[in-house]
There are 2 protein chains.
Amino acid sequence: MVRAANTEQGVEAVAGPSHHPLDQSALKHVLGYQISLADIPSKKLFFKFIGEPLKLRPVEFSLMVLVRSNADVTQKQLGQALSLSAPNLTLLLDKLEERGVLARERSELDRRVQHVRLTPAGEDITRRALEASQPMEREWLRFLSDAEKAMLTELLQKVAKHRRG
Amino acid sequence: MVRAANTEQGVEAVAGPSHHPLDQSALKHVLGYQISLADIPSKKLFFKFIGEPLKLRPVEFSLMVLVRSNADVTQKQLGQALSLSAPNLTLLLDKLEERGVLARERSELDRRVQHVRLTPAGEDITRRALEASQPMEREWLRFLSDAEKAMLTELLQKVAKHRRG
DNA sequence: TATTGTTATACTCTATAACTATA
DNA sequence: TATAGTTATAGAGTATAACAATA
């Protein structure tokens, strides 16, 4: 049984040092609140290891990796996987295409469909981003054990898997 | 030991029904990606149970609850607790103050400091929001066991606790 | 000189509707 | 008539710098 080692005080001490810690016990069991808070250091890690060095936003990183792993993926599929609206996705892909890291190709079977693929430059940046994700993931281990990180990942996957409606 | 029951295929089936499931194995162990994905259904639940009925954004809900739990809380403290910049927080509080749900008062001891408190209308809406959070939390149990939800909360708290730098 | 909070402003991201083209 | 994707546009959220008041 993985047991987090934080005390009540630890959890509630969210104000900066030299400040009276805030009581956030009323939000302690609100899972959405905890997810939002956890997203903050997560994004910080991302920008340090991937975002700034490779000039990629989180959603761009996800897109590139999904395109790389899925030959002939369509925009529809990408939009559903990442919960992006069609217009939003179009603009995102426009920017990445202008940058020269990916390309769109009309499907021969259904001319409405656009297949997305990485360019060689896109392959390169995505490979480097995935490489950089390794030390990034190790950084989590500074405050999460290996077992805790695996458990957290597994539970979050279970949550994400059930997002319908 | 809590063990998530998803299969490899289950985890990777993120495209809609009738679509070829996307391979997202390359992102499986990227914790930040899983947090982002989990945030989607989480926000959806929030808007259904709290956001739409009470006309509150997630950050507004968090602010109101923290103000309610912490007498004489300052803007500085709120900003640090929720990682909000001072200008951003000012605008958020302006809007909530105009709406009549909270009020600011200059500290007598340090005239630079603003103390934030709820108005009676703010007390009312916050109480109702916290009440609505109970069925919202129960909704998670549709795809997470009690033990899993508790574990997830605990692990996320541990992550959020260490956000410094 | 440092801190708390505000104002002003520009930028980015997102949401919506209307549209094109294909099926 | 429905679907994939685009364009146009408005709105909301965020980031930055310059500022005022106080310590």
Side-chain angles (χ1 to χ4, degrees), chain A residues 15-20 22 36 39-40 43-44 46-47 51-52 55-63 67 72-99 102-117, chain B residues 15-20 22 36 39-40 43-44 46-47 51-52 55-63 67 72-99 102-117:
Chain A
S18 85
H19 280 93
H20 197 71
L22 278 193
S36 291
D39 200 41
I40 296 167
K43 289 287 192 294
K44 211 167 286 182
F46 176 85
F47 283 105
E52 282 168 21
K55 302 294 172 222
L56 281 177
R57 287 198 302 139
V59 67
E60 292 173 331
F61 167 70
S62 301
L63 278 172
V67 171
D72 291 327
V73 66
T74 69
Q75 297 191 192
K76 188 78 183 169
Q77 290 177 305
L78 290 171
Q80 286 181 333
L82 301 177
S83 285
L84 299 171
S85 69
N88 186 3
L89 181 58
T90 293
L91 296 177
L92 281 167
L93 294 180
D94 283 352
K95 219 171 96 183
L96 291 169
E97 195 167 19
E98 278 168 40
R99 189 173 159 185
L102 57 77
R104 282 181 269 203
E105 253 175 282
R106 287 257 162 232
S107 165
E108 292 300 325
L109 293 102
D110 183 340
R111 302 288 301 165
R112 293 172 303 181
V113 169
Q114 295 265 50
H115 290 298
V116 185
R117 60 173 176 75
Chain B
S18 86
H19 280 93
H20 197 71
L22 279 194
S36 291
D39 199 43
I40 296 167
K43 290 285 192 292
K44 211 167 285 182
F46 176 86
F47 282 106
E52 283 168 20
K55 302 293 171 225
L56 280 177
R57 289 200 298 141
V59 66
E60 292 172 332
F61 167 70
S62 301
L63 278 172
V67 170
D72 291 326
V73 67
T74 69
Q75 296 191 193
K76 188 76 184 170
Q77 289 177 304
L78 290 171
Q80 287 181 333
L82 300 176
S83 285
L84 300 170
S85 68
N88 187 3
L89 181 58
T90 292
L91 296 177
L92 281 167
L93 294 180
D94 283 351
K95 220 170 95 183
L96 291 169
E97 195 166 18
E98 279 168 39
R99 188 173 159 184
L102 59 77
R104 282 180 270 203
E105 254 175 282
R106 287 259 162 232
S107 165
E108 292 301 324
L109 293 101
D110 183 340
R111 303 288 302 165
R112 294 172 304 182
V113 169
Q114 294 266 47
H115 290 299
V116 185
R117 59 174 176 74

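- Rounded to whole Å, atom P of C:dT7 lies 11 Å from atom CD of B:Glu97.
- Residue A:Lys95 contributes atom NZ, which lies 16 Å from atom P of D:dT6 at whole-angstrom precision.
- Residue A:Gln75 places at least one side-chain N or O under 4.0 Å from the OP1 or OP2 atom of D:dT6.
- Protein atom CZ of A:Arg104 is 15 Å distant from nucleotide atom C1' of C:dA21, rounded to whole Å.
- Separating the CG atom of B:Asp94 from the P atom of D:dA12 is a distance of 16 Å, rounded to the nearest angstrom.
- Pairs passing the salt bridge (charged side-chain N to carboxylate O under 4.0 Å, His left out) check and including a residue from residues 84-94 of chain A, sequence neighbours excluded, read A:Asp94-A:Arg104.
- In this structure, B:Asp39 atom CG and C:dT14 atom C1' are separated by 15 Å, rounded to whole Å.
- Taking atom CG of residue B:Leu92 and atom P of nucleotide C:dG5, one finds them 14 Å apart after rounding to whole Å.
- The two atoms that bring A:Leu89 and A:Gly79 nearest to each other are CD2-N, 3.7 Å, heavy atoms only.
- Annotation: of the two residues near DNA chain C, A:Arg57 and B:Leu89, the 5′-most nearest-nucleotide partner is B:Leu89.
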Encode nucleotides 15-23 of chain D as B, S and - characters from 5' to 3', where the letter depends on protein heavy atoms closer than 4.0 Å: B to the base, S only to sugar-phosphate, - to neither.
-> -BB---BBS
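- Residues meeting the side-chain hydrogen bond (donor to acceptor under 3.5 Å, both in side chains) test with B:Arg106, sequence neighbours left out: none.
- The salt bridge (charged side-chain N to carboxylate O under 4.0 Å, His left out) contacts involving residues 77-89 of chain B comprise nothing, where partners must be two or more places apart or lie in separate chains.
- Counting only heavy atoms from C-beta outward, the side chains of B:Leu92 and B:Arg57 approach each other to under 4.5 Å.
- Not counting sequence neighbours, the partners of A:Pro58 by the side-chain contact (heavy atoms from CB on, under 4.5 Å) test are A:Lys43, A:Phe46, A:Phe47.
- Spacing between atom CG of B:Leu82 and atom P of D:dG13 amounts to 15 Å, rounded to whole angstrom units.
- For A:Arg112, the side-chain hydrogen bond (donor to acceptor under 3.5 Å, both in side chains) partners at least two apart in sequence or on another chain are A:Asp110.
- Counting to the nearest Å, the P atom of C:dT12 and the NZ atom of A:Lys43 are 18 Å from each other.
- Axis angle between the ends of the helix from C:dT1-D:dA23 to C:dA23-D:dT1, five pairs each and rounded to 10 degrees, works out to 0°.
- Scanning for salt bridge (charged side-chain N to carboxylate O under 4.0 Å, His left out) contacts around A:Arg117 gives A:Glu105, with sequence neighbours left out.
- Remark: A:Thr90 pairs with no residue by the side-chain hydrogen bond (donor to acceptor under 3.5 Å, both in side chains) rule, at least two apart or across chains.
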